[in-house]
Amino acid sequence: MRLGITMFATDHAMPPHLLAREAEARGFSSLYLPEHTHIPTARTTPPPTGQDTLPEEYARTPDPLIALAGAAVVTGRITLGTGVCLLAQREPIVTAKAIATLDRMSGGRFVLGVGYGWNVEEAADHGVPWRLRRAVVREHVLAMRELWSREEASFEGEFARFEPSWSWPKPVGRVPVLVGGGAGPTLFAHIAEYGDGWMPIGGAGVRQALPRLREACEAVGRDPVPVIPFGTVPTSRKLDHYASLGIEEVVLRVPAGDRDDVLPVLDRYTESYLS
């Protein structure tokens with residue numbers, strides 16, 4: 001089983017490019033970074049953590065694509081991904097260009113993890129209609145794939161549109177799209193249509209959800225897609241359970257701290273699960 005790493009990167013934590021280098025040196029397969037463009041101070045959306053006050057780290061995340069570009073130039077093997085990119089809040093033409101550039105800089109090592117978001121106020125500042133955010137993400141993925149794959153690309157949708165256009169660079173190959181979110185028919189229908197895998201946060205309930213995900217893929221004539229439990233706090237029992245389900249990659253969580261906080265955790269994971 002491949003093991004990756006994710007950290008809630010901030011400007012106070014270990015720089016992502018240094019974390020990527022240390023993770024690669026220890027044999028981890030991937031590094032994923034989250035995204036929040038900003039956090040409105042006046043909010044009504046409850047924190048997803050269950051806490052009364054949202055932790056400050058949510059307002060301090062670097063841009064993941066720029067951070068991963070830094071990681072790309074100091075590594076040579078490790079997969080570099082977003083976990084997750086809030087794609088409804090991004091303009092798709094510019095984002096497609098940035099991702100294609102990052103993918104080429106990394107030699108084709110980029111993976112696009114996308115999510116729908118939880119913060120109503122953050123999305124509103126980007127003009128995202130909250131009830132339509134899933135549809136916006138879907139169109140943005142489809143529009144970007146046109147730009148990545150066609151010499152002359154065009155797209156006509158409700159939330160994304162552009163006339164026949166040229167856009168280079170192209171990614172090295174197909175950019176995998178992993179879709180995050182809780183199990184359910186809408187999520188699984190989206191994964192079956194345009195996703196290359198499911199990233200359930202934590203991984204609780206995966207065993208019960210797998211048959212429904214397989215059914216959604218079968219309904220559109222697709223083979224089952226990979227499932228990558230994300231942000232997992234590992235134990236040997238938990239990883240053995242995932243392996244018994246046929247899961248081939250798990251992304252482990254490390255603390256959002258400096259080197260003295262992070263490297264001992266990486267070393268412990270290495271000794272316990274990679275050696």
Would a 4.5 Å heavy-atom cut-off, applied to side chains only, mark [X] and [Y] as touching?
{"X": "R253", "Y": "T232", "value": "no"}
{"X": "W166", "Y": "E152", "value": "yes"}
{"X": "P226", "Y": "E249", "value": "no"}
{"X": "L245", "Y": "V206", "value": "yes"}
{"X": "R2", "Y": "S30", "value": "no"}
{"X": "Y58", "Y": "P48", "value": "yes"}
{"X": "T270", "Y": "S275", "value": "no"}
{"X": "L266", "Y": "L263", "value": "yes"}

Could you go step by step and tell me if Y242 and M1 meet the side chain to side chain contact (heavy atoms under 4.5 Å, CB included) rule? CA-CA 9 Å; Y242 291 147; M1 177 183 288; 3.8 Å; yes
Going by atom types only, do [X] and [Y] share a side-chain donor-acceptor pair under 3.5 Å?
{"X": "T53", "Y": "Q51", "value": "no"}
{"X": "R134", "Y": "H190", "value": "no"}
{"X": "E146", "Y": "S154", "value": "no"}
{"X": "E35", "Y": "T82", "value": "no"}
{"X": "T75", "Y": "R109", "value": "yes"}
{"X": "T37", "Y": "H126", "value": "yes"}

Between the side chain of T10 and the main-chain N/O of R60, is any donor-acceptor distance below 3.5 Å?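 Absent.
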Treating K170 as the side-chain partner and A100 as the backbone partner, does any N or O pair qualify as donor plus acceptor under 3.5 Å?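 Here the side-chain-to-backbone pair does not exist.
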Cluster question for you: counting only ILVMFWY and a side-chain heavy-atom cut-off of under 4.5 Å, with indirect links fine, are [X] and [Y] together?
{"X": "L65", "Y": "M7", "value": "yes"}
{"X": "I99", "Y": "L33", "value": "yes"}
{"X": "W198", "Y": "L239", "value": "yes"}
{"X": "I247", "Y": "I191", "value": "yes"}
{"X": "I228", "Y": "L3", "value": "no"}

Over all atoms of both residues, closest heavy-atom pair of [X] and [Y]:
{"X": "S106", "Y": "L80", "value": "CB-CD1, 4.3 Å"}
{"X": "A143", "Y": "F162", "value": "O-CZ, 3.8 Å"}
{"X": "A20", "Y": "L31", "value": "CB-CD2, 3.6 Å"}
{"X": "T6", "Y": "G231", "value": "CG2-CA, 3.9 Å"}
{"X": "V262", "Y": "P255", "value": "CG2-O, 3.3 Å"}
{"X": "E57", "Y": "F8", "value": "O-CE2, 3.5 Å"}

Measure the spacing between [atom1] of [X] and [atom2] of [Y] and express it to the nearest 0.5 Å.
{"X": "Y194", "Y": "E139", "atom1": "OH", "atom2": "CD", "answer": "10.5 Å"}
{"X": "S167", "Y": "E151", "atom1": "OG", "atom2": "CD", "answer": "10.5 Å"}
{"X": "D260", "Y": "M14", "atom1": "CG", "atom2": "CE", "answer": "10.0 Å"}
{"X": "R207", "Y": "S244", "atom1": "CZ", "atom2": "OG", "answer": "8.5 Å"}
{"X": "T95", "Y": "L147", "atom1": "OG1", "atom2": "CG", "answer": "10.5 Å"}
{"X": "L142", "Y": "F159", "atom1": "CG", "atom2": "CZ", "answer": "12.5 Å"}

Could you pull out every donor-acceptor pair under 3.5 Å between side chains of residues 210-220 and any protein atom, sequence neighbours left out?
none

Neighbour count >12 (heavy atoms, 6.0 Å) for atom CG, D223: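 No - once you tally the heavy atoms of other residues, nucleotides and ligands closer than 6.0 Å, there are 12 at most.
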Would you find more than 12 non-hydrogen atoms of other residues, nucleotides or ligands less than 6.0 Å from D11 atom CG?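 Yes.
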Counting only pairs under 3.5 Å, give me each side-chain donor-acceptor contact of residues 173-183, with atom names and distances, residues two or more places apart or in other chains.
| unit_1 | atom_1 | unit_2 | atom_2 | d |
| --- | --- | --- | --- | --- |
| R174 | NE | D196 | OD1 | 3.4 |
| R174 | NH2 | D196 | OD1 | 3.1 |

Let me see the working for L86 and Y116 under side chain to side chain contact (heavy atoms under 4.5 Å, CB included), right down to the final yes or no. CA-CA 6 Å; L86 299 176; Y116 304 115; over 6 Å; no
Kindly confirm or rule out a cation-pi arrangement of R161 over F155, judged by NZ or CZ under 6.0 Å from the six-membered ring centre and within 45° of its axis?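 R161 over F155 ring: no.
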Taking the six-membered ring of W148 as reference, does the cationic atom of R145 (NZ for Lys, CZ for Arg) lie under 6.0 Å from its centre and within 45° of its axis?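 So R145 doesn't make the cation-pi contact.
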Under the side chain to side chain contact (heavy atoms under 4.5 Å, CB included) criterion, do F110 and L68 qualify, and how do the steps go? CA-CA 9 Å; F110 179 71; L68 291 171; 4.0 Å; yes
Identified side chain to side chain donor-acceptor pair (under 3.5 Å) counterpart of Q89 within the set H140, R133, H38, E122: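 Of all the options given, the one that passes is E122.
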Please walk me through it: do V114 and L112 pass side chain to side chain contact (heavy atoms under 4.5 Å, CB included)? CA-CA 6 Å; V114 301; L112 176 62; 3.5 Å; yes
Side-chain donor-acceptor pairs of residues 21-28 under 3.5 Å, sequence neighbours excluded:
| unit_1 | atom_1 | unit_2 | atom_2 | d |
| --- | --- | --- | --- | --- |
| E22 | OE1 | R26 | NH1 | 2.6 |
| E24 | OE1 | G76 | N | 3.3 |
| E24 | OE2 | G76 | N | 3.1 |
| E24 | OE2 | R77 | N | 2.6 |
| E24 | OE2 | I78 | N | 2.8 |
| R26 | NE | D267 | OD1 | 2.7 |
| R26 | NH1 | E22 | O | 3.1 |
| R26 | NH2 | D267 | OD1 | 3.0 |

Ring centroid separation H36 to W118 under 6.0 Å: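 That pair passes the under 6.0 Å test.
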